[in-house]
2 protein chains.
Amino acid sequence: MTNQHYGQFCGLARAAEIVGQRWTLLILRDLSVGSRRYSELVAGLPGIPTNTLATRLKELEDEGIVARTAPTGTERSVVYRLTSRGEELGPALDALSRWGAGGMREPRDGEIVTTSSITAALRVAAGDGVAPADWDTVYNVRVGEVEVHVVMRDGAITADPGFAEDADLEITAGPGIRDVLAGTLSAQDAVETGAVALDGDPALFERFADTLRVPYSVHLAETA
Amino acid sequence: MTNQHYGQFCGLARAAEIVGQRWTLLILRDLSVGSRRYSELVAGLPGIPTNTLATRLKELEDEGIVARTAPTGTERSVVYRLTSRGEELGPALDALSRWGAGGMREPRDGEIVTTSSITAALRVAAGDGVAPADWDTVYNVRVGEVEVHVVMRDGAITADPGFAEDADLEITAGPGIRDVLAGTLSAQDAVETGAVALDGDPALFERFADTLRVPYSVHLAETA
DNA sequence: CGGAATCCCTCAAGATACTG
DNA sequence: CAGTATCTTGAGGGATTCCG
């Protein structure tokens with residue numbers, strides 16, 4: 001199972017040999033959200049052939065990007081996680097996410113969201129993850145079947161899978177939430193048009209909409 | 001020629017559908033250095049099948065990332081260049097380059113450098129491209145057959161293909177120049193061990209070595 | 001049941017020749 | 001010069017099976 005090489009002594013070429021493999025970027029995205037078992041990866045990556053996943057995990061392990069923790073004692077599952085070297089890919093994944101999201105308008109036919117994709121998107125939207133120190137707000141965000149929560153506390157913003165127990169505001173949204181993150185749909189308009197439904201203080205959603213931001217590209221239809 | 005899709009409404013997935021195609025990242029790297037004709041791309045990407053290049057260029061044009069300028073009047077060549085949307089990929093390409101370069105030690109068997117790869121690497125090494133305003137230095141850099149020049153002037157650092165006429169220092173180097181950029185081989189040691197040969201004031205090479213930086217990853221051999 | 005390996009098939013990509 | 005045509009190869013998709 002030899003990776004494809006470009007034969008160039010070049011950082012980008014080396015990176016391309018890894019992230020240019022099909023499914024690899026999405027596997028890394030899911031692992032960047034948190035450690036995952038094989039079956040969780042399969043579930044979070046609809047359409048991935050199991051042999052491809054197994055092959056990728058082995059390649060990434062060989063490259064020192066992913067570490068495999070064999071089940072020990074009561075644990076009966078293999079757990080995959082990013083190594084430090086894998087974590088170093090974070091800025092590149094974020095930059096790619098941001099660029100790709102800039103070109104994202106409506107979902108294409110059949111396109112779905114996953115827990116990892118929403119979590120990763122919200123982390124990217126949080127930018128450097130810094131917030132005013134006096135904020136202390138927990139958001140539960142539901143998009144379709146996906147449930148994640150965002151915490152703005154102690155000067156930091158974090159996003160993680162699942163609902164929080166003590167949320168201040170519950171946000172139920174469809175793909176229109178994308179426009180809110182882009183800044184092209186105001187919090188108020190989003191609520192009034194039914195793009196999002198709130199359970200809690202609407203003012204907290206204003207803060208959510210103002211703080212999290214992944215702009216649309218303004219260069220989508222260049223003709224010359 | 002339908003691209004492969006992941007079926008996810010996710011910025012990273014959208015990006016992966018483009019940059020995950022074989023050769024695409026290297027095509028974008030070459031075009032990010034400057035506009036190129038088809039034959040120049042073929043020459044700068046040893047090993048690329050011409051049909052693959054043609055297909056990629058068409059896909060990238062359809063995506064609005066690359067623009068094709070048909071020959072007009074005296075011009076007899078089609079010219080490809082990045083659109084504004086394509087330029088927006090810059091930060092992502094830089095982050096990938098930096099990450100990939102962090103894992104780059106010795107060249108693997110048969111690995112080469114190209115004019116675009118060296119130019120792009122030096123641009124990445126220049127970081128934000130800001131230099132002290134009183135610097136005014138032109139470097140010619142030769143690595144194998146490749147010739148590029150670096151200009152530190154007016155508070156900016158730029159790197160471009162080819163030699164400059166008015167260089168203050170000419171640097172002839174092998175792959176060992178990588179260690180200088182990483183900061184693990186001092187300018188003085190590089191000269192003394194013959195890793196680089198200078199024609200001009202050695203003090204200017206100190207500045208070169210101190211200013212351009214693409215560190216090695218410190219996490220290459222994680223075992224747990 | 002989680003974590004793959006195996007088989008088969010398709011299509012993207014490689015190699016090379018050729019053409020407007 | 002700037003591609004297209006043709007053929008070959010092999011990675012990846014899909015389903016099933018296997019193993020601890």
Side-chain angles (χ1 to χ4, degrees), chain A residues 1-8 13 16-28 30-31 35-63 66-81 110, chain B residues 1-8 13 16-28 30-31 35-63 66-81 110:
Chain A
M1 183 47 54
T2 154
N3 262 14
Q4 309 241 59
H5 291 183
Y6 288 103
Q8 297 193 9
E17 290 169 5
I18 294 170
V19 305
Q21 298 286 104
R22 187 136 166 78
W23 289 104
T24 296
L25 276 171
L26 295 197
I27 294 169
L28 293 172
D30 280 26
L31 291 178
S35 296
R36 293 283 179 271
R37 289 180 289 177
Y38 185 90
S39 53
E40 294 173 321
L41 289 168
V42 170
L45 299 167
I48 192 173
T50 65
N51 54 357
T52 297
L53 176 58
T55 301
R56 290 293 172 275
L57 288 171
K58 218 165 296 175
E59 290 166 352
L60 290 169
E61 204 188 339
D62 290 346
E63 300 281 350
V66 162
R68 181 193 143 101
T69 309
T72 59
T74 77
E75 280 291 333
R76 62 166 58 248
S77 280
V78 178
V79 173
Y80 296 90
R81 61 174 181 81
Chain B
M1 184 49 52
T2 155
N3 262 11
Q4 308 243 57
H5 291 182
Y6 288 103
Q8 297 195 9
E17 290 170 4
I18 294 170
V19 304
Q21 300 285 106
R22 187 136 166 79
W23 288 105
T24 296
L25 277 172
L26 294 196
I27 294 169
L28 293 172
D30 280 25
L31 290 178
S35 296
R36 293 282 180 271
R37 290 181 287 178
Y38 186 90
S39 52
E40 294 173 321
L41 289 169
V42 170
L45 298 167
I48 192 172
T50 65
N51 54 356
T52 297
L53 176 58
T55 301
R56 290 293 173 275
L57 288 170
K58 219 166 297 174
E59 290 167 351
L60 291 169
E61 203 187 342
D62 290 346
E63 300 281 349
V66 162
R68 183 193 140 100
T69 308
T72 60
T74 77
E75 280 291 334
R76 62 168 59 246
S77 279
V78 179
V79 172
Y80 294 91
R81 62 177 179 80

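Each chain gets a letter, A, B and so on, in the order its sequence line appears, and its residues count up from 1.
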Query raised in the report: When the distance from CD1 of B/I18 to C1' of C/dA12 is rounded to whole Å, what number comes out?
Result: 17 Å
Report task. Check whether any side-chain heavy atom of B/V66 sits under 4.5 Å from a side-chain heavy atom of B/E59, and report yes or no. Result -> no
Requested in this report: Report yes if at least one side-chain N or O of B/S39 is closer than 4.0 Å to OP1 or OP2 of D/dA2; otherwise report no.
Outcome: yes
Query raised in the report: Starting at CG of B/L53 and ending at C1' of C/dA12, how long is that distance when rounded to a whole Å?
Result: 16 Å
Query raised in the report: Got a donor-acceptor pair under 3.5 Å from the side chain of B/N51 to the base of D/dG3?
Result: no
Query raised in the report: Would a 4.5 Å heavy-atom cut-off, applied to side chains only, mark A/Y6 and B/R22 as touching?
Result: yes
Report summary line: Here the distance between atom P of C/dG14 and atom CG of B/L26, to the nearest Å, is 11 Å
Query raised in the report: Atom CD of B/E59 and atom P of C/dA13: how far apart are they, to the nearest Å?
Result: 7 Å
Query - Side-chain N,O (A/Y6) to OP1/OP2 (C/dA13) below 4.0 Å - result: no
Report task. Flag the pair B/L31 / B/L60 as yes when at least one side-chain heavy-atom distance between them is below 4.5 Å, and no otherwise. Result -> no
Query raised in the report: Distance check: side-chain N/O of A/K58 vs OP1/OP2 of C/dG3, anything under 4.0 Å?
Result: no
Requested in this report: For side-chain contact (heavy atoms from CB on, under 4.5 Å), just list the numbers for A/V78 and A/R68, CA-CA rounded to whole Å, side-chain angles, deciding distance to a tenth of an Å, and then say yes or no.
Outcome: CA-CA 7 Å; A/V78 178; A/R68 181 193 143 101; 3.5 Å; yes
Report task. Can you tell me the distance, in whole Å, between the CD atom of A/Q4 and the P atom of C/dA15? Result -> 10 Å
**Report entry** Nearest-angstrom distance from the residue atom NE2 of B/H5 to C1' of C/dC11
**Finding:** 15 Å
Query raised in the report: Looking only at side-chain N and O atoms, does B/R68 come under 4.0 Å of OP1 or OP2 in D/dG3?
Result: yes
Report summary line: Winner on side-chain proximity to B/A54, out of C/dG14, C/dG3, D/dT4, is D/dT4
Query raised in the report: Once you round it to whole Å, what is the distance between P of D/dG3 and CZ of B/R36?
Result: 16 Å
Requested in this report: Please determine if a side-chain N or O atom of A/R22 lies less than 4.0 Å away from the OP1 or OP2 oxygen of D/dG13.
Outcome: yes
**Report entry** OP1 or OP2 of C/dG14 under 4.0 Å from side-chain N/O of B/T52
**Finding:** yes
Query raised in the report: Taking OP1 and OP2 of D/dG3, is either one under 4.0 Å from a side-chain nitrogen or oxygen of B/R37?
Result: no
Query raised in the report: Is any side-chain heavy atom of A/I48 closer than 4.5 Å to a side-chain heavy atom of A/I27?
Result: yes
Requested in this report: Answer yes or no: does a side-chain N or O of A/W23 lie under 4.0 Å from OP1 or OP2 of D/dA11?
Outcome: no
Query raised in the report: Once you round it to whole Å, what is the distance between C1' of C/dA12 and CD of B/Q21?
Result: 8 Å
Query - Closest nucleotide among D/dT4, D/dT16, C/dA12 to the B/R56 side chain - result: C/dA12
Report task. From the options C/dT16, D/dA2, C/dA15, select the nucleotide whose nearest atom is closest to the side chain of B/Y38. Result -> D/dA2
Report task. May I ask you to test the A/S35-A/E40 pair for a side-chain heavy-atom distance under 4.5 Å? Result -> no
Requested in this report: Using a heavy-atom cut-off of under 4.0 Å over every strand shown, decide if B/S77 touches base, sugar-phosphate, or nothing.
Outcome: sugar-phosphate
